[in-house]
> 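Submitted below is the structure of interest, expressed as structure tokens.
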Amino acid sequence: MADAPRPSNFLTEIIDADVAAGRNGGRVVTRFPPEPNGHLHLGHAKSILLNFGLAARYGGRVNLRFDDTNPATEEVEFVEGIEADVRWLAGDWAALHFASDFFERMYQCAERLVLEGHAYVDSQAQEAIREQRGAFDRPGTNSPFRDRPAAESLDLFQRMRAGQFADGACVLRARIDMAHPNVIMRDPLLYRIRKAHHHRTGDTWCIYPMYDFAHPLEDAFEGVTHSICTLEFESNRELYDWVLDRLGPWDPRPRQYEFARLSLGYTVLSKRKLLQLVTEQRVDGWDDPRMPTLAGMRRRGITPEALRDFAELIGVAKNNSTVDIGKFEFAIRADLEGRCPKAMAVLDPLPLTITTWPAGKVETLELPWWPSEPERGTRPVPCSGQLLVERDDFSLDPPADWKRLAPGGSVRLAGGWVVRCDEVLRASDGTVTGLRCSHDPASLGDGAGARRGLGTIHWVDAARSVPAPVRLYDRLFTAEQPDAAPDFLAALNPASLLVAERARLEPALATAAPGDRHQFLRLGYFIADPADSRPGAPVFNRTITLRDTWSRTAAQPTQRRAARPRSDPAADATLRGRRSEARAERRAVTPALAERYLRYQRALQLAEELADLLTGDLAVAEYFDAAVKAHAGAASVARWLLNDLLGLSGETPLAQLQLSGTGFGAFVALVDAGKLTPAGGKALLADLVASGGEPAARMKALGLEKVEDAGAIAAAVERALAAQAAEAARYRAGEKKLLGVLLGAAMREARGAADAAAVRKALLERLGA
RNA sequence: UGAGGCGUCGUCCAACGGCAGGACUGCGGACUUUGGAUCCGCGUAUGAAGGUUCGAAUCCUUCCGCCUCAGCCA
């Protein structure tokens, strides 16, 4: 399993491309960068596994780095906890780093920024800086200190370091652009004064770098190639690149990528809320088995392997999504099923007397730890005429499909005999206090008296079982989305921890070592509590119940959710687009565009929509003009430009393309003259955009000239059918939807140069349709 | 409102112009000395509209919806 190929995702695609391109010399270095201000949880597990997994997959390295740039909230206790958690989950890292180890280098980088005019010391108060930042739709304003001489900023910055200013008196800011559309880029803070004791550097520093300055530098110092973080840092990437671009050169030059953080049903995964649960004592500490922390899950009995399987199950993408908790539970059960020996315990005992049992007789059954694989060993299980069974397994008034004990009914004792309930003992208040049963001595063992349809229940011997508390953990929240409510504590499950104080274990479980796991037959998976359990005085935690198809039929969660909000087509049709409006506004202030907008419609006879699309940007309009000058077919020039060229050019402005407007016009002329098929046209255009050249010459060089020769088309069809023999057979057998595949293959054989209708006709004839 | 990102079965993830697939859940069945496990079967999903194309989840346009950003937190 460990060697199974990990599924690919958008990150592996990026890295595949990087490795193929030889970027960073083919190296792959990742990092997991926690801030030591809390304990790791399941969300971090996804990130850890991702970073460790990527490093392993590409033969690279992964570092553990503590992002300890804020002395106010960070503690050594968390450093130690996090190291233990990461090691438990993912094993060893290549190198251990602390951001604080880089403080001197970061400071030198900051001085360089100041010297080169990219940063300045701002002596304003926090409130002034905040007000000057502007808003999403309103540019900010410059600080009065923005243009103070570099030498003055440098002196101030050095005095900040020397401790000559109080907290908040001044800050170091990047000089970028207070009107930047990305608010993050409006002269962000780089350093602040914080006269606090740091858990590693003590009182050496009184200025500390901000995340946006420190993080890219830490990555660069460590030689990280792929810096993977969560989606909310997308806006910060621009600043990440800004910092590195001004302080390089770097080798490797790190790049930041973002993925969607994990969100899980019936669970909260936010440090703040988890901390609140702990401080308000809603749970018993960070390692309470109900907590989604690594420490809690470890104590709950969940294994690192289960977590790895889960991470693989949910994948990695950029969609914000909430994973069904059932998926998590599936991963846990699947893992535990394979590793837990099975034994018996009774949580809520009900005495059962076997009236037909010889008085005083005690028999010892050798029962397999793994019923389906008896060769893996057995344990002795004592049995007498006085047993204990689960109270839930008896019903005075059973439903029709009841398979357990009921008055007059029979059931098999797991690993033992079939018993029949002859008499029910009840207290004066009606409570059932015991059962009297008769047993069939011939029903023990394989095949002997086997009876179909009989239920099986677990049991322990009354005198020879051992009492032990068993903690029954359940979901911490009753709402699937606790975060959705104003107060997530309202969704706390009052029954998330129930203790079975009267539980009895079969003797073999009494000596379990802390951390030992077992399946308790029919009840679930349990672990001897790593902290509180002792051999001889066991305490068990329930990791998870068994899948239960019987009880779940009672309370059925509704499968169908509220329909996704749909857009209203009628409204869509009548609404004018914002982008369209933006283009109209640009035309209103740009006569050159307005003039073209009208001319395209009148002189060139273009539809209004096309004219609109072409006149939102002067560069596009000019490119179009040049093309039309070279080839008068305005409508098809417009169509090819808008539908194909814009897609192919991507981020590159048209003016910077290898293919000039004139060349593009020449290209469209070829298409319009019928020298090229549309498919061939697309292939040629892609080539021209990628590598330039003269259209007609490239067309000939690439062999894209339209093929009309029937013989050539027939040959292409033959080659396609030969290559797709299996699909062709399936098509002939009736899978008509495969025509597309066969046609596609034939078109490719003809390099897109053949007329599609002709190929289709030839193909259908050849297939005997 | 400015910028950035994301929309595919109930849920999560694939499909990179050519057969919309896998996993979870649910349902049904087989088997069973765990109502477990195992095995088999069952799918009304591409947010909407328009365009390009022989062919669109995928390319273009427009609209709709959701998420993130205005800490001297990370």
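Here is the naming used below: chain letters follow the sequence lines, and residue numbers restart at 1 for every chain. Only a predicted model underlies this, so the values are computations on that prediction, with no experimental measurement involved. All values below were derived from every heavy atom in this structure, side-chain atoms included, with hydrogens, water molecules and symmetry-related copies excluded.
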> Using a 4.0 Å heavy-atom cut-off, does A:K403 contact any base of the nucleic acid, only the sugar-phosphate backbone, or nothing at all?
base
> Go through the steps for A:N236 and A:Y211 under the test side chain to side chain donor-acceptor pair (under 3.5 Å), then give the verdict.
CA-CA 10 Å; A:N236 302 65; A:Y211 168 87; over 6 Å; no
> Suppose you measure atom C1' in B:U44 against the same atom in B:C27; what distance do you get, rounded to whole Å?
16 Å
> Which part of the nucleic acid, if any, lies within contact of A:E238, taking any heavy atom under 4.0 Å across all strands shown: a base, the sugar-phosphate backbone alone, or nothing?
nothing
> Using the P atom as the reference point in each nucleotide, state the distance between B:G2 and B:G47 in Å, no decimals.
25 Å
> Please report the distance separating the P of B:U25 from the corresponding atom of B:U33, rounded so that it comes out in whole Å.
24 Å
> Walk me through it: do A:W417 and A:L365 pass the test side chain to side chain contact (heavy atoms under 4.5 Å, CB included)?
CA-CA 11 Å; A:W417 298 266; A:L365 302 167; 4.1 Å; yes
> Checking only heavy atoms, does the side chain of A:R412 share a donor-acceptor pair with the base of B:U33 at less than 3.5 Å?
yes
> Can you check nucleotides 51-53 of chain B for protein contacts, nitrogen or oxygen pairs under 3.5 Å, and list what you find?
{"residue": "B:G51", "atom": "N2", "partner": "A:N643", "partner atom": "OD1", "Å": "3.2"}
{"residue": "B:U52", "atom": "O4'", "partner": "A:N643", "partner atom": "ND2", "Å": "3.1"}

> Can any side-chain N or O of A:R186 pair as donor or acceptor with the backbone N or O of A:A135 at less than 3.5 Å?
yes
> Taking the P atom of each, how far is B:A49 from B:A15, in whole Å?
25 Å
> Find the distance A:E373:CD to B:A37:P and express it as a whole number of Å.
16 Å
> Please give, in whole Å, the distance from B:G4 C1' to A:Y240 OH?
18 Å
> With A:V671, which residues qualify under side chain to side chain contact (heavy atoms under 4.5 Å, CB included), at least two apart?
A:W640, A:F667, A:L676
> C1' atom, B:A14 versus B:G35: distance in rounded Å?
35 Å
> Please give the distance between the C1' atoms of B:G26 and B:U62 as a whole number of Å.
39 Å
> Salt-bridged, A:E727 to A:K737, with N to O below 4.0 Å?
no
> Using the P atom as the point on both nucleotides, what is the distance between B:G51 and B:C66, in whole Å?
28 Å
> Taking side chain to side chain contact (heavy atoms under 4.5 Å, CB included) as the definition, give me every residue that meets it alongside A:P34, ordered by chain and number, with sequence neighbours left out.
A:F32, A:L40, A:L64, A:F66, A:I82
> Counting only side-chain N and O atoms of A:N319, is one of them less than 4.0 Å from OP1 or OP2 of B:C13?
yes
> OP1 or OP2 of B:G18 sitting under 4.0 Å from any side-chain N/O of A:R748?
no
> P atom, B:G29 versus B:A56: distance in rounded Å?
41 Å
> A:M344 CE to B:U33 P: how many Å, rounded?
16 Å
> Measure CG/A:L641 against P/B:U61 and give the value in whole Å, please.
11 Å
> Check whether any side-chain N or O of A:Q724 sits under 3.5 Å from a backbone N or O of A:A720 as a donor-acceptor pair, and report yes or no.
no
> Quick check against the 3.5 Å criterion: does A:T73 have a side-chain atom that pairs as donor or acceptor with the backbone of A:N37?
no
> Using a cut-off of under 3.5 Å, enumerate the N/O to N/O pairs linking the protein to nucleotides 19-24 of chain B.
{"residue": "B:C19", "atom": "O2", "partner": "A:R730", "partner atom": "NH2", "Å": "2.5"}
{"residue": "B:C19", "atom": "N3", "partner": "A:R730", "partner atom": "NH1", "Å": "3.0"}
{"residue": "B:C19", "atom": "N3", "partner": "A:R730", "partner atom": "NH2", "Å": "3.1"}
{"residue": "B:A20", "atom": "OP1", "partner": "A:K737", "partner atom": "NZ", "Å": "3.4"}
{"residue": "B:A23", "atom": "N3", "partner": "A:K327", "partner atom": "NZ", "Å": "2.6"}

> Please check the phosphate of B:U11 (OP1 and OP2 only) for any side-chain N or O of A:T322 closer than 4.0 Å.
no
> Kindly say whether A:A99 contributes a backbone atom to a donor-acceptor pair with the side chain of A:D68 at under 3.5 angstrom?
yes
> Is it true that the side chains of A:S227 and A:R31 contain a donor and an acceptor less than 3.5 Å apart?
yes
> Would you mind reporting whether A:L613 and A:F624 have side-chain heavy atoms less than 4.5 Å apart?
no
> Figure out the CD1/P separation between A:I314 and B:U25, and round it to whole Å.
15 Å
> Map every base of RNA chain B to its dot-bracket character, where paired means a Watson-Crick or G-U wobble contact with both distances under 3.5 Å and | marks a partner outside the strand.
.((((((..((((....[..)))).(((((.......)))))....(((((..]....))))))))))).....
> Across nucleotides 67-74 of chain B, 5' to 3', mark each nucleotide with B, S or - according to how protein heavy atoms within less than 4.0 Å reach it.
SSBBSBSB
> Does the A:W369 side chain pair with the main chain of A:A343, one donor and one acceptor, at a distance under 3.5 Å?
no
> Would you mind reading off the distance between A:L523 atom CG and B:G35 atom P, rounded to a whole angstrom?
11 Å
> Among the candidates B:G36, B:C13, B:U34, find the nucleotide nearest to the side-chain atoms of A:S321.
B:C13
> Below 3.5 Å, does any donor atom in the side chain of A:E609 face an acceptor in the base of B:U61, or the other way round?
no
> Between A:Y731 and A:K736, is there a cation-pi geometry (under 6.0 Å to ring centre, at most 45° from the normal)?
yes
> Indicate yes or no for a side-chain donor-acceptor contact from A:E390 to the backbone of A:L347 under 3.5 Å, with no hydrogens or angles considered.
yes
> Verify, without hydrogens or angle tests, whether A:R412 (side chain) and A:L444 (backbone) share a donor-acceptor contact under 3.5 angstrom.
no
> Does A:K195, at its NZ atom, have more than 12 non-hydrogen atoms belonging to other residues, nucleotides or ligands within less than 6.0 Å?
yes
> Round to the nearest Å and state the distance from A:W459 atom CH2 to B:U33 atom C1'.
12 Å
> Specify the separation, in whole Å, of atom CG of A:L521 and atom C1' of B:A37.
11 Å
> Give me syn or anti for B:G71, where syn covers glycosidic angles within 90 degrees of 0.
syn
> Looking across every strand, which nucleic acid part, if any, lies under 4.0 Å from A:V759 by heavy atom: base, sugar-phosphate, or nothing?
nothing
